[in-house]
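Notes to accompany the following structure.
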There are 2 protein chains.
Amino acid sequence: MNVGKHYTRPMPSATETRKALKLAEKLCQERGVRLTPQRRNVLAVINASDQPLGAYDILEQLRAQQPRIAPPTVYRALDFLLTEGLIHKLESLHAFVGCHHPDHPHHSQFLICEDCGEVDELHSPLVRDSLDDAAKARGFAPKHSTVELLGRCARCQA
Amino acid sequence: MNVGKHYTRPMPSATETRKALKLAEKLCQERGVRLTPQRRNVLAVINASDQPLGAYDILEQLRAQQPRIAPPTVYRALDFLLTEGLIHKLESLHAFVGCHHPDHPHHSQFLICEDCGEVDELHSPLVRDSLDDAAKARGFAPKHSTVELLGRCARCQA
DNA sequence: AGCCGTATCGTTACTTTATAACATACGACC
DNA sequence: GGTCGTATGTTATAAAGTAACGATACGGCT
Ligand SMILES: [Zn+2]
Ligand SMILES: [Zn+2]
Ligand SMILES: [Zn+2]
Ligand SMILES: [Zn+2]
């Protein structure tokens with residue numbers, strides 16, 4: 001996959017990653033759904049990355065510990081994590097990123113840097129409202145939104 | 001592919017399709033690029049459909065006339081048509097639709113009905129501006145936007 | 001403890017989507 | 001006619017995603 005090429009940004013710290021996992025565990029418990037080891041592993045891999053990861057990237061990493069793991073296992077875990085709002089899928093990259101605000105469902109907008117691979121998750125109410133208005137004007141009832149801007153982040157322009 | 005299932009909407013009329021092709025030819029001529037027969041064929045197939053088409057759907061249709069045509073030919077034509085803004089790619093469907101306003105480059109928003117497969121191409125200035133503002137606030141320079149809402153169109157809700 | 005229904009996972013095989021690499025054709029220009 | 005650039009043909013393969021089915025683990029019950 002290797003989304004970013006030019007600059008290297010720091011990987012998320014182990015502390016951050018652990019905190020995100022803790023939160024995920026808490027949320028799953030509250031919701032009465034099971035963050036099983038496989039799901040936890042997949043989430044851990046995603047959260048430990050500074051870049052969006054493709055399903056097969058995740059697979060490859062998991063194989064370090066579990067050599068015989070196969071695609072369906074990963075995709076099932078991804079489906080679960082998506083449903084629970086713990087991760088997002090970037091359609092334009094065929095890749096997945098951890099959600100920064102998994103406590104409640106939301107629509108996000110993503111700024112994706114083509115140079116360094118950084119992904120910025122926004123929740124602009126203006127964007128959301130303008131999209132809702134546009135849909136409403138057509139009598140359209142949205143269920144899911146995909147909003148992704150590809151370009152260059154501030155750092156990579158400098 | 002077969003995006004829509006419940007309702008059947010009328011296919012674009014032959015007249016509409018011909019008009020779109022004429023316009024594409026004119027635009028390409030103006031721009032000094034070549035709308036070759038293959039490219040024209042791909043565009044014709046897309047414009048003649050009432051639904052977004054996957055690359056392999058297009059391939060299959062072209063094979064009626066050209067049995068030995070292969071994926072790269074279709075993808076190359078699609079790349080050209082995307083570059084020229086004659087079609088759009090719907091990332092969330094891995095499918096392509098004709099552009100309704102190919103005369104000048106633009107960012108669109110798509111309302112995609114999961115029931116009937118209808119795709120509505122919008123150009124809401126409010127959406128565009130709010131996205132631009134959000135990006136600007138982060139110092140992000142967008143090159144390409146993907147904005148797709150999946151849900152149910154007005155007709156399919158009734 | 002033992003049983004049962006369901007959720008999760010393992011495993012194999014496969015489909016769908018997309019591209020790399022290299023060969024060939026063809027027109028424009030000198 | 002030779003060279004160059006663009007477009008296409010052709011073969012093979014990569015990358016992304018899923019169907020199907022059996023095995024196992026888990027939670028709730030007696
Ligand atoms: Zn989020
Ligand atoms: Zn960057
Ligand atoms: Zn358009
Ligand atoms: Zn509909």
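All of these numbers come straight from a predicted model, not from anything done at the bench. Lettering of chains follows the sequences in order, A, B, ..., and the numbering in each one begins at 1.
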Which part of the nucleic acid, if any, lies within reach of R34(B) when heavy atoms closer than 4.0 Å are counted: base, sugar-phosphate only, or nothing? sugar-phosphate
Does dT8(C) have OP1 or OP2 sitting under 4.0 Å from an N or O in the side chain of R40(A)? no
With respect to the phosphate group of dG17(D), does any side-chain polar atom (N or O) of K89(A) fall under 4.0 Å of OP1 or OP2? yes
Side-chain heavy atoms of F140(B) within contact of C156(A), under 4.5 Å: no
Cationic N near anionic O, under 4.0 Å, R39(A) to E84(A): no
Would you mind reading off the distance between L59(B) atom CG and dT19(C) atom C1', rounded to a whole angstrom? 14 Å
Candidate nucleotides dT11(C), dT17(C), dT11(D), ranked by approach to the side chain of R68(A) - the nearest: dT11(C)
Does R76(B) reach a base, just sugar-phosphate, or nothing at all? Heavy atoms under 4.0 Å. base
Of P72(A) and E91(B), whose closest DNA chain C nucleotide lies nearer the 5' terminus? P72(A)
Please check the phosphate of dT18(D) (OP1 and OP2 only) for any side-chain N or O of Y75(A) closer than 4.0 Å. no
Whichever of P71(B) and Q66(B) has the more 5' nearest nucleotide on DNA chain D, that residue is Q66(B)
Name the closest nucleotide to the T36(A) side chain, picking from dG17(D), dT8(C), dA7(D). dT8(C)
If you group Ile, Leu, Val, Met, Phe, Trp and Tyr by side-chain heavy-atom gaps below 4.5 Å, do V127(A) and L90(A) land in one group? no
Could you tell me whether E114(A) and R152(A) make a salt bridge, using a distance below 4.0 angstrom between a side-chain N and a carboxylate O? no
So does T73(B) get a side-chain nitrogen or oxygen closer than 4.0 Å to the phosphate oxygens (OP1/OP2) of dG9(D)? yes
Given atom OH of Y56(A) and atom P of dA18(C), what is their separation to the nearest angstrom? 15 Å
Which nucleotide in dT12(C), dG17(D), dA7(D) has an atom nearest any side-chain atom of R39(B): dA7(D)
Find the distance H94(B):NE2 to dA18(C):P and express it as a whole number of Å. 6 Å
